[in-house]
2 protein chains.
Amino acid sequence: MNKHAKSVLPEGAKARQVYLSLRDQISDGRFQDGQTLPGEQKLSEVFGVSRVTVRRALDALAASGLIIRRAGSGTTVSTAGQLDKPVAMNLATLMPQLVEMGQSTTARLLSFSYDAAPDFVSSALGLPNDEQVQIATRVRSTNHTPFSHLTTYVPAEIARNYSENDLATTPLFKLLERGGVQIKDAHQSVSATLAGPEVADALEVAVGSALLSLRRVVKDVDGNGVEYLAGLYRPDMFRLEMPLTRVGDGNARHWEPAIGKTHEEGA
Amino acid sequence: MNKHAKSVLPEGAKARQVYLSLRDQISDGRFQDGQTLPGEQKLSEVFGVSRVTVRRALDALAASGLIIRRAGSGTTVSTAGQLDKPVAMNLATLMPQLVEMGQSTTARLLSFSYDAAPDFVSSALGLPNDEQVQIATRVRSTNHTPFSHLTTYVPAEIARNYSENDLATTPLFKLLERGGVQIKDAHQSVSATLAGPEVADALEVAVGSALLSLRRVVKDVDGNGVEYLAGLYRPDMFRLEMPLTRVGDGNARHWEPAIGKTHEEGA
DNA sequence: TTAAGCTGTATTATGTGTAATACAAATTGC
DNA sequence: GCAATTTGTATTACACATAATACAGCTTAA
C-alpha cells in the first residue's frame, strides 16, 4: 500500500506542468478512479504540447502508480488505496482532528532560534520594531507522511515558559495556555502558494506543488500578540472543513458556522 | 493600490527553483524588507547554479516587485506594497466582500449546460446516479482582473427557477432562495490546487500557478442537496479571512468564529 | 476478420535553458 | 582618485527538452 510513491517528476518545464495538472485533477476528483483518460493525442491538443511531452508526464504518473496504461486500451485512473482521506482541521480546536483524537502524529523540529521579529510579524502582533521572538519551524506527520510545515513566531518572554523539546511533542497552543497566557482572539487568513525547494523537501512533495497557506495571529485578553503562525499544508493530506448553518430571517439572514456538530461527509 | 503583480515564473527548471526558494525566504521573513541580498556570484555558489540562472530568478523577483536591483549597490528586498490582498470572503454571506459592498464586480458565463451529475457531485448532494443537473461556469472579475472561477452544479428541477441570464448578474445564492429553496446547511472544504490550462486562461494566470480551491455543498431543510460549488480563486486577489474568539472554560474551552456577532458571548 | 483507436517505440530536427567566461557600468569605501 | 564589489550585458558552447513524424503492437468493437 505504497501510498505516496516517490514523485519522479519530469525534468522539463512543460512536461512537469502537464504532470502536475493531471495529478491534481486526479487527486481532487475531476478524474475519478477507474475513469479512462483522454488519449495522448487528445491530451497533447488540450495542453498545447507535443505527444512526447504528454508521454513524459504520463510516465511520471504511471511511476507514481496514479494511472495504469494499457496499449490499445487506454490509460485509466487508479487511485485505489493511493489517496488518504485528508486530515481535516477542526475549527473548534484549530488543530488537526487527528491530533485531538489522539492518533499518532509526530512533529519534527527543523529549526529553532531567537531573533528579531520580521516586520510582518511585529506589525501583525503589535510588537516593538526590534522585539526578540522565538522562531521555530516544525513539520507534522501522520503515518510517516508529512502534512504540515509550520513556522511560529512567539515573543521571547512568553516563549521562555516552555522548552525547545516541548515544541516537538506538544501543540504550541497548549504550551501557551499552560504558561499562563490568556488567549482571546485569533485571526486566520487562508490562501494558496507554490512549494519551494526547502518546504517541498520537508513535506515530501514536488517543487512547484500547490500548498494551502494559513496565517494565524493570536492575541491575548489584553490585545497583545502572542503567536504568529505561518503554516503550509499538503492539499492531498489536509483540508479546512467548515460546516455552516443558515440562520436569521429576511435581511438578517446569514450564515453561521455550525461548531459542535459532527457533520460527516463522504468518508 | 495593488500593483497587481502577476507571478511571472521563470521558464527554466533551475531558475524557477531559485526563484521559489528566494521568494519563500522573503515571504516568511528570512530576508526582510530593506535587507540586502547576497550578491549574484554568492547566490550562484549557494544554489550550485550559474550566475545566469540566478539572474533569471532575480529578474522574475524584480518583475514581481519583491526586490530592487541597483548596479554597484546590490539587490534589496522590497515587500512594502506587496502584502495587500484586496478581496476577502465574508463568512456571513459566503460572498466576496466587494460584492456585498456593491463595488464593481462583473461575472462572465463561460459555459452553461444540463447534463448528468458527475459522481462526486451526485454523492455529495445525495442525488440519484443519473440525475440531471445544471452545470454553469462563471468567472468573476473586479477592476478588469478576474479573481474567481466558479463551477456550480444544481439539480435541474431547482435550476429551472432562474434563467441563464440571471447567472451572469446575480449570485446563485439569491437565485435559489428567490426560487423558494429553503437553504439550511452548507459544508465548505478549502484546499489548494494548481491552475490547469483552461482555468489559467480564464483567470489570466500562468499554467501551474497556485490557486485556492473551495468546495461547497449546500442542502435545504429536508437535507436535499441543492448546490455544489467548485470554486478556484487567485491567491493574489483573494483570501479567506476567519476571525475567531476563544470561549468557554476548562475542557470546554474552544474557538468560535467571531462573525457578525459582536462579542455577545456573555463572558 | 476487419477497422479503428490507443499505447509503445524510434527517428530526426530544432528550440532553449544552462554553463562558463569576459568585460562594461555603477556604487561604495578607502 | 583608486580599488573593490556589485549589477548589467554580451558571447560562445553544450546538453537536453520539445516537436514532428512514422510505424509496430495491443485492445476493443463492429
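Sequence lines set the chain letters: A, B, ... in the order given, protein chains first and strands last, and positions in each chain run from 1.
- Nearest nucleotide to the side chain of V49(A), out of dT18(C), dT27(C), dA19(D): dA19(D).
- With dT18(D), dG8(D), dA19(C) as the choices, the nucleotide that has an atom nearest any side-chain atom of S50(A) turns out to be dT18(D).
- Position along DNA chain D of the nearest nucleotide to G39(B) versus S73(A) favours G39(B) as the more 5'-ward residue.
- In this structure, the CG atom of L61(B) is 13 Å from the P atom of dT7(D), given to the nearest Å.
- Between R69(B) and the phosphate of dT6(D), there is no side-chain N or O to OP1/OP2 separation shorter than 4.0 Å.
- Between the side chain of R70(A) and the base of dG8(C), no donor-acceptor pair under 3.5 Å is found.
- Computed from coordinates, the Y19(A) OH to dA17(D) P distance equals 16 Å when rounded to whole Å.
- If you measure from atom CD of E40(B) to atom C1' of dC23(C), you get 15 Å, rounded to the nearest angstrom.
- At the phosphate of dT7(C), OP1 or OP2 sits under 4.0 Å from a side-chain N or O atom of T75(A).
- Between K14(A) and dT16(C) there is no side-chain polar atom (N or O) within less than 4.0 angstrom of OP1 or OP2.
- Residue I68(B) contributes atom CD1, which lies 14 Å from atom P of dT7(D) at whole-angstrom precision.
- A side-chain contact (heavy atoms from CB on, under 4.5 Å) with Y233(A) is found for exactly one of L214(A), L211(A), V190(A), namely L214(A).
- Per the geometry, CD belonging to Q17(A) stands 14 Å off C1' belonging to dT18(D), to the nearest Å.
- Distance CD (Q41(A)) to C1' (dT21(D)): 11 Å, rounded to an integer number of Å.
- Regarding L37(A), its CG atom lies at a distance of 12 Å from the P atom of dC6(C), rounded to whole Å.
- Place R51(B) and A71(B) on DNA chain C by their nearest nucleotides, and R51(B) ends up nearer the 5' end.
- Evaluation of the salt bridge (Lys or Arg N to Asp or Glu O under 4.0 Å) rule for D33(A) yields no partner, not counting sequence neighbours.
- Defined by atom type and a distance below 3.5 Å, a donor-acceptor pair is present between the side-chain atoms of S21(B) and E198(A).
- Applying the 4.0 Å criterion to OP1 and OP2 of dT5(D), one finds that K42(B) has every side-chain N and O outside that range.
- One interatomic measurement links the two molecules: CD of E45(A) to C1' of dA20(D), which rounds to 14 Å at whole-angstrom precision.
- Within 6.0 Å of the CD atom in E157(B), the count of heavy atoms belonging to other residues, nucleotides or ligands does not exceed 12.
- None of T106(A), V199(A), L110(A), D201(A) except one satisfies the side-chain contact (heavy atoms from CB on, under 4.5 Å) rule with V139(A); the exception is L110(A).
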